[in-house]
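Take a look at the structure set out below.
Every value quoted in this text rests on a predicted model; they were computed, and no experiment measured them. We count ligands from 1, going down the list as the structure has it; atoms in each ligand are counted the same way.
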Amino acid sequence: MDKETFYISTPIYYPSDKLHIGHTFCTVAADVVARYKRMCGYDVMFLTGTDEHGMKIEESAKAAGVTPKEFVDGIIAGENGILDLWKLMNISYDRFIRTTDDYHMESIQKIFRTLYDKDDIYKGVYKGLYCTPCESFWTESQLVDGKCPDCGRDVHYAEEEAYFFRQSKYAEKIIELMPEYLEPSTRINEMMNNFLLPGLEDICVSRTTFTWGIPVDFDPGHIVYVWVDALSNYITALGYGNDKYDDFDKYWPCDVHFVGKEIVRLHSILWIAMLIALEIPLPKKVFGHGWLLLDGAKMSKSKGNIRDPLILSELCGVDALRYFLMREYSFSSDGNFTNEILLNRINADLANDLGNLVSRTVAMVIRYFDGQLPMEQESDDIDTELIDNAMNLFAIYESNMEKFAFNTALAEVIKLASRANKYIDETAPWELAKDEEKNSRLAAVLYNLLETIRICTVMLMPIMPESCEKIFAQIGATDMLRSFESVTTFGMLERNTKVEKGDILFPRLDVSKELDELSGK
Ligand code: MSP
């Protein structure tokens, strides 16, 4: 039987700014879900990519003295570019789409024409306040002191022929369906109150003021609005309207689009209206996540408050950074980033709780049993609580992972590691080791610790894939013992497992020294 499919996407990123830890947040979250779902047995399609058209890119290229395509190629595929960043962060995407790919451009032209033929797109006149040097239309409310918000110069009333999409026609349908696909529910209220209930307007979907975009093939001079181009990536990447791929029927409708909160409107209104107009089933879920804030503000290049994932991963390691992002923040709300929070979290959870548990346990098996436990092991009532907690963990973890409550899922896993550390204190293996008659009791204690470590590690695999491999190697867990099926039973690890000493997994970070060093970066 074919496996059930699971399709997850991130937004496609603008290659205009350097990607920062905020972009990494969403992409790591999507990667964690993709890895988790693969472990659950799904045939996963994880899509990410880049959104390469638009005036901003045309201008940046001009300023850099290169063509727009050369400009985006450098940012995407050049040294320390987006592809390098996702490789560094261990992002296991299945497909990477660039909106400058020929097959995508061909599909967009077809989509635009289909909507035009169905009269969902019509030609009209765009009226507004125009800034000639910036070649941009503005609304009254966008002006700053009555002037162009970009350059501060005078604007004047102007009209221009343009194509419009009949978004308004689908307002009622969207109001009816939104509660089924948009999460979390607070985002539904925002969309209803701010956009849908006051009345949805048609939206201008072509531009003539710049050229870096996909031409409307039946009306040269017009290019397709960048959001119509960008949103459609979720279907063109599966082969909708092109022959490059052939898995639209297999993976669509998408199981979840992860998007930042400022682009929820485009995903939950414009995209949905486009799909209804094209008679394509709607995504099962659009999940609007929160932002990582720095000093209370969204990170951005212009504010100079970005944090570079490259520097941070050099400092603490890729897995620890991935863990931190998923553990520290609730995916649905905003959260404040500081270097101090990062360092303290890694020290507390990874160096102290998990790392310590692994190194102490492995060291004791080596010290007391030469690295291999004897078969004879004697249980005790005191073991029950730890064993029960370990066996019940997966149900709690799974229900949180399914809700994208990564922070709660991880808090529970680390709670078990911390409980195991307490079990070491309660059972005092160093005391048992003094008396040869207590050897089988000592072996049982160490076995329970190793098995608890294995269970925690299986659940950490989607978050810290490389470190988990190292832990499995240290505790002697074979491939079969690295699956979700194997964590609801306690006692799957071979009783006489062999351990191996490994490097320290998560070295303790010297917070004040690292903070000093980071403050210069
Ligand atoms: N190109 C559009 C998306 C088109 S999808 C059809 C875009 N690109 S972006 O590069 O500006 O942003 C991509 C994503 O990164 C957005 O979901 C945005 O919310 C997210 N983030 C950017 N800064 C962020 C934080 N500081 N914190 C969390 N996410 C952030 O929008």
Which residues satisfy the side chain to side chain donor-acceptor pair (under 3.5 Å) test with D353, sequence neighbours excluded?
none
Test side chain to side chain donor-acceptor pair (under 3.5 Å) applied to Y7 - qualifying residues, sequence neighbours left out
none
Pairing donors with acceptors under 3.5 angstrom, does anything connect the side chains of Y13 and D51?
no
Taking salt bridge (charged side-chain N to carboxylate O under 4.0 Å, His left out) as the definition, give me every residue that meets it alongside K123, ordered by chain and number, with sequence neighbours left out.
E161, D219
Determine, for R187 against E190, whether the closest basic-nitrogen to carboxylate-oxygen distance falls under 4.0 angstrom.
yes
Write out each pair where an N or O from ligand 1 and one from the protein are under 3.5 Å apart, with the distance.
{"from": "ligand 1", "atom 1": "1 (N)", "to": "I12", "atom 2": "O", "distance (Å)": "2.8"}
{"from": "ligand 1", "atom 1": "1 (N)", "to": "D51", "atom 2": "OD2", "distance (Å)": "2.6"}
{"from": "ligand 1", "atom 1": "10 (O)", "to": "Y14", "atom 2": "N", "distance (Å)": "3.1"}
{"from": "ligand 1", "atom 1": "17 (O)", "to": "G260", "atom 2": "N", "distance (Å)": "2.8"}
{"from": "ligand 1", "atom 1": "19 (O)", "to": "E262", "atom 2": "OE1", "distance (Å)": "2.8"}
{"from": "ligand 1", "atom 1": "19 (O)", "to": "E262", "atom 2": "OE2", "distance (Å)": "3.0"}
{"from": "ligand 1", "atom 1": "26 (N)", "to": "L292", "atom 2": "O", "distance (Å)": "3.0"}
{"from": "ligand 1", "atom 1": "27 (N)", "to": "L292", "atom 2": "N", "distance (Å)": "2.8"}
{"from": "ligand 1", "atom 1": "29 (N)", "to": "G22", "atom 2": "O", "distance (Å)": "3.3"}

Cation-pi check, R113 to F218: give yes when NZ or CZ is under 6.0 Å from the six-membered ring centre and within 45° of the ring axis, no otherwise.
no
